[in-house]
Amino acid sequence: MSSLKDGEDAEESLTYRELHETACRRAAALTAAGLTGRNAVLMYPSGLEFVRTLLGCMYGRVVGAPVQPPRRRRGGAAALNLPLDRGHLETGI
């Protein structure tokens, strides 16, 4: 599986086995954090990092809600207006 930079050049690649193993580790981390059955906001740009985390959520039975990261400096303030409960925002997955 590859992520294409500008739709043409391979930016990063990994095997399906690597993808599965990474997703399993993330699922285990989510489960250990007690997030099974809960929601998580996934603020990632397009790419394999997003795919790894989304699959980790699926494996860990966490509802992953993708949100595009802000593109401009000022756009960060808009991200703070997301309707989140304190316990739902987790980082470092």
Side-chain angles (χ1 to χ4, degrees):
M1 175 176 272
S2 297
S3 174
L4 300 180
K5 183 179 181 180
D6 300 324
E8 297 177 16
D9 302 320
E11 184 175 66
E12 180 185 10
S13 66
L14 72 158
T15 65
Y16 285 106
R17 172 181 236 136
E18 291 168 333
L19 177 61
H20 174 73
E21 290 170 352
T22 303
C24 285
R25 284 192 299 273
R26 291 183 186 191
L30 290 165
T31 301
L35 294 174
T36 299
R38 300 195 59 196
N39 302 323
V41 173
L42 307 179
M43 192 175 296
Y44 290 91
S46 301
L48 293 179
E49 193 62 26
F50 168 73
V51 174
R52 288 180 186 111
T53 305
L54 181 62
L55 285 177
C57 285
M58 290 177 183
Y59 287 2
R61 296 184 182 152
V62 174
V63 178
V67 175
Q68 271 296 65
R71 294 183 185 211
R72 290 187 262 160
R73 269 188 176 180
R74 290 183 178 179
L80 298 176
N81 292 326
L82 291 171
L84 299 174
D85 289 337
R86 265 207 156 121
H88 289 199
L89 184 61
E90 294 289 325
T91 59
I93 298 173

>> Applying side chain to side chain contact (heavy atoms under 4.5 Å, CB included), can you list everything that pairs with Pro66, at least two apart in sequence or on another chain?
In response: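 Side chain to side chain contact (heavy atoms under 4.5 Å, CB included) check on Pro66 returns Phe50.
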>> Ignoring hydrogens, what is the shortest heavy-atom contact between Arg26 and Thr53? Give both atom names and the distance.
In response: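 For Arg26 versus Thr53, the nearest heavy atoms are NH1-OG1, 2.6 Å.
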>> If I compare all heavy atoms of Ala27 with all of Gly60, which pair ends up nearest, and what's the gap?
In response: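 Closest heavy-atom pair between Ala27 and Gly60: CB-N, 3.5 Å.
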> What about Tyr59 and Val41, same hydrophobic cluster or not, with Ile/Leu/Val/Met/Phe/Trp/Tyr joined at side-chain heavy-atom distances under 4.5 Å?
Replying inline: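 Not linked; separate clusters.
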> Going hydrophobic residue to hydrophobic residue with side-chain gaps under 4.5 angstrom, can you get from Leu42 over to Met58?
Replying inline: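 Same cluster: Leu42 reaches Met58 through Ile, Leu, Val, Met, Phe, Trp or Tyr contacts under 4.5 Å.
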Value rounded to 0.5 Å, distance of [atom1] in [X] from [atom2] in [Y]:
X: Arg25; Y: His20; atom1: CZ; atom2: NE2; value: 10.5 Å
X: Leu19; Y: Leu48; atom1: CG; atom2: CG; value: 7.5 Å
X: Arg52; Y: Glu49; atom1: CZ; atom2: CD; value: 5.0 Å
X: Arg61; Y: Thr31; atom1: CZ; atom2: OG1; value: 8.5 Å

